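Throughout, numbering of the chain's residues begins at 1 and tracks the sequence. Quick caveat: nothing in here was measured; it's all calculated off a predicted structure.
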Amino acid sequence: MRVIEVLYGAGAYEAHVSATTTPSIASFYTAMTNSSYFDWLTEYDTPVAGGTNQTIGRGTFGGQFMITPAAARNGTTINDLQIQAELAAQIAAGTLPQVSFDAAGNPNTYYAVFFPHGKTIAQGGSNSCQAGGFCAYHGTFTQGSHDVYYGVHPDLQAGSGCDIGCGNAPATFNNQTAVASHELIEAVTDAEVGLATVTGAPLGWYDATNGEIGDICNAQDTSFAAGDGAVYTVQQEFDNATSNCIVDQGGNDFSVTASPASLTVVQGTSKTALIGTPITAGSSQSVSLSVSGAPAGVTATLSPTVVTSGGSTLTVSAATTAPTGVFALTVTGTAASGTHTTSVSVTITAAPPACATTTQLLGNPGFETTAAWTASPSVLGNLSGGVHVPRTGSGYAWLDGYGTTHTDTLLQTVTIPATACSATFSFWFKIDTGEGTTFVAFDNLTVAANSTTLLTLSNLNHSTAYAQKSFDLTAFKGQAVTIKFTATEDASLQTSFLIDDTALTVVQ
């Protein structure tokens with residue numbers, strides 16, 4: 001198999017889907033096709049006698065390609081025939097690599113198509129990411145004299161609908177690789193499923209009750225170390241030889257991993273690391289975990305202490321009397337296949353002195369005068385007239401509200417002491433708008449600390465009462481920080497951004 005990753009047009013992809021570094025979907029296909037995850041599939045080779053004389057071996061990754069679909073085939077809902085037509089057009093135009101063939105002339109290219117957020121896929125009378133729908137599928141169509149194999153992978157990010165029910169991992173990327181592995185192996189063992197009309201040829205591995213090799217093991221996800229230094233979440237696939245769901249036949253084995261592999265714990269506090277037991281060969285097994293090496297004043301615990309999939313949480317707690325310094329914890333995993341360990345470096349640091357003094361740094365925080373702030377004309381000063389009112393006192397800041405193309409700014413620079421234990425910026429806002437839309441942000445307010453954007457509000461956040469927002473600026477201690485409000489308004493329909501009762505509170 002040669003895998004080609006296809007990004008179906010510009011849009012908001014899950015970061016690992018559009019990346020090419022490790023870990024990413026690109027590195028996943030590179031590693032998995034050249035791993036033991038493929039080796040055991042030789043049991044599904046088709047010998048000359050009564051077969052098609054095709055053998056299954058390791059594969060390659062042929063690269064990631066972004067296409068620009070035709071507008072007619074790139075709506076909010078995209079159906080399977082449109083996907084087929086777009087792939088055919090992109091292959092014919094040379095935007096996508098041409099189909100490659102094995103020595104016997106059989107196609108061996110698989111186009112794994114990924115979609116950005118906001119796209120719904122329609123296929124077979126159902127839709128992606130909906131009740132009764134699907135998380136992904138693979139198919140086949142004919143172009144010229146040969147077949148084209150492809151997989152369809154809807155977006156799984158939060159809000160897609162596929163973020164619930166498509167994989168059981170907490171991270172979107174882990175679910176994305178689990179779903180991708182399902183379709184990857186099914187495309188190898190049942191490549192021409194899209195051409196079949198009966199339960200028979202040209203189907204490959206297909207069970208009339210359970211479906212394909214991945215369907216029978218659906219949602220049986222596990223971790224797999226593919227050899228590139230990353231650990232991927234994959235789905236187990238059905239093995240005829242053992243009538244079991246596996247990741248390979250090389251005998252069961254595992255490794256022990258820690259993320260992060262080093263912890264810094266302040267006296268009187270605790271930190272955690274995730275302990276994993278990824279499969280390195282065979283299938284999952286019960287692994288008993290233990291931890292040793294904690295000095296006096298430090299406790300290290302694991303929960304749970306027995307895992308078969310997923311992971312365990314290592315919690316390291318330091319008493320207020322714990323000695324400062326660096327030591328190593330050893331986490332040991334024991335299973336039927338043997339014992340493996342990993343080390344976690346722990347640094348105990350002294351607790352900082354207690355913080356008791358609170359100081360508010362901003363000048364003229366309630367805009368009772370025009371002092372301390374640098375502002376566009378009419379943002380501060382005489383704002384009387386009864387149209388808007390302050391939250392407290394008699395002053396407030398009023399940005400935009402002209403109903404024409406306009407930009408207002410409001411800013412103040414202060415220095416956060418290097419000795420600050422914490423620094424918190426807060427403000428109250430109220431937004432009045434003439435925009436009638438409920439889904440388009442025509443007018444915007446950006447709040448920033450130096451070059452860091454803290455918040456963006458728009459006409460969609462309009463309200464009848466003031467609301468408060470607060471942000472942790474402790475990372476800026478020892479620095480001069482410019483708090484800046486920037487309001488932009490388009491050519492019609494006013495939006496007024498009202499600000500009052502600001503504060504940059506430092507605890508020392």
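- The ring of Phe115 has its center closer than 6.0 angstrom to the ring center of Tyr8.
- Scored by the side chain to side chain donor-acceptor pair (under 3.5 Å) test, Gln360 finds no partners at all (sequence neighbours excluded).
- Scanning for salt bridge (charged side-chain N to carboxylate O under 4.0 Å, His left out) contacts around Glu86 gives Arg73, with sequence neighbours left out.
- For Ile213 against Tyr44, the heavy-atom pair with the smallest separation is CD1-CE1, 3.5 Å.
- The line from CZ of Phe238 to CG of Asp207 is 8.5 Å long, rounded to the nearest 0.5 Å.
- Applying the ring pair (Phe, Tyr, Trp, His ring centres under 6.0 Å) rule to Phe497 yields no partners; only residues at least two apart in sequence or on another chain are considered.
- Under the 3.5 Å distance criterion, the side-chain polar atoms of Asn74 are left unmatched by any main-chain donor or acceptor of Pro69.
- In this structure, the separation between CG on Leu263 and OG1 on Thr347 is 8.5 Å, given to the nearest 0.5 Å.
- Residues meeting the salt bridge (charged side-chain N to carboxylate O under 4.0 Å, His left out) test with Arg2, sequence neighbours left out: none.
- Pairs of residues two or more places apart, or lying in two chains, that qualify as ring pair (Phe, Tyr, Trp, His ring centres under 6.0 Å) and include a residue from residues 305-351 are Phe254-His340.
- Here the two rings, on Tyr232 and Phe224, have centers that are 6.0 Å apart or farther.
- For Lys119, the NZ atom sits in a packed shell: over 12 heavy atoms of surrounding residues, nucleotides or ligands are nearer than 6.0 Å.
- Of the possible polar contacts, none joining the Thr60 side chain to the Gly62 backbone as a donor-acceptor pair under 3.5 Å is found.
- No side-chain donor-acceptor contact under 3.5 Å links Asp239 to the backbone of Ile246.
- Cys pair Cys129 and Cys135 fails the test of SG atoms under 2.5 Å apart.
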Please list every donor-acceptor pair under 3.5 Å in which a side-chain atom of residues 150-159 meets a protein atom from a residue at least two apart or in another chain.
{"unit_1": "Tyr150", "atom_1": "OH", "unit_2": "Asp80", "atom_2": "OD1", "d": "2.8"}
{"unit_1": "Tyr150", "atom_1": "OH", "unit_2": "Asp80", "atom_2": "OD2", "d": "3.1"}
{"unit_1": "Tyr150", "atom_1": "OH", "unit_2": "Gln84", "atom_2": "NE2", "d": "2.9"}
{"unit_1": "His153", "atom_1": "ND1", "unit_2": "Val113", "atom_2": "O", "d": "3.4"}
{"unit_1": "Asp155", "atom_1": "OD1", "unit_2": "Gln157", "atom_2": "N", "d": "3.4"}
{"unit_1": "Asp155", "atom_1": "OD1", "unit_2": "Gln157", "atom_2": "NE2", "d": "2.8"}
{"unit_1": "Asp155", "atom_1": "OD2", "unit_2": "His117", "atom_2": "ND1", "d": "2.6"}
{"unit_1": "Asp155", "atom_1": "OD2", "unit_2": "Gln157", "atom_2": "N", "d": "3.4"}
{"unit_1": "Gln157", "atom_1": "NE2", "unit_2": "Ala12", "atom_2": "O", "d": "3.0"}

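- Applying the disulfide bond (SG atoms under 2.5 Å apart) test to every pair with at least one member in residues 244-360, sequence neighbours left out, gives these pairs: Cys217-Cys245, Cys355-Cys421.
- Side chains of Ser100 and Asn108: a donor on one and an acceptor on the other come within 3.5 Å.
- Legend: side chain to side chain donor-acceptor pair (under 3.5 Å) pairs involving residues 317-326, not counting sequence neighbours: none detected.
- Annotation: side chain to side chain donor-acceptor pair (under 3.5 Å) contacts of Ser345 (sequence neighbours excluded): none.
- Legend: residues meeting salt bridge (charged side-chain N to carboxylate O under 4.0 Å, His left out) with Asp39, ordered by chain and number and at least two apart, are Arg58.
- The backbone N or O of Thr233 lies less than 3.5 Å from a partner atom in the side chain of Thr177, making a donor-acceptor pair.
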Which donor-acceptor pairs under 3.5 Å do side chains of residues 287-302 form with protein atoms, sequence neighbours excluded?
none

Identify every side-chain donor-acceptor pair in residues 499-508 under 3.5 Å, counting partners at least two apart or on other chains, and give the distances.
{"unit_1": "Asp500", "atom_1": "OD2", "unit_2": "Arg391", "atom_2": "N", "d": "2.8"}
{"unit_1": "Asp500", "atom_1": "OD2", "unit_2": "Thr392", "atom_2": "N", "d": "3.3"}
{"unit_1": "Asp501", "atom_1": "OD1", "unit_2": "Thr392", "atom_2": "OG1", "d": "2.7"}
{"unit_1": "Asp501", "atom_1": "OD2", "unit_2": "Arg391", "atom_2": "NH1", "d": "2.7"}
{"unit_1": "Asp501", "atom_1": "OD2", "unit_2": "Thr392", "atom_2": "OG1", "d": "2.8"}
{"unit_1": "Thr502", "atom_1": "OG1", "unit_2": "Pro365", "atom_2": "O", "d": "2.9"}
{"unit_1": "Gln508", "atom_1": "NE2", "unit_2": "Thr419", "atom_2": "OG1", "d": "2.7"}

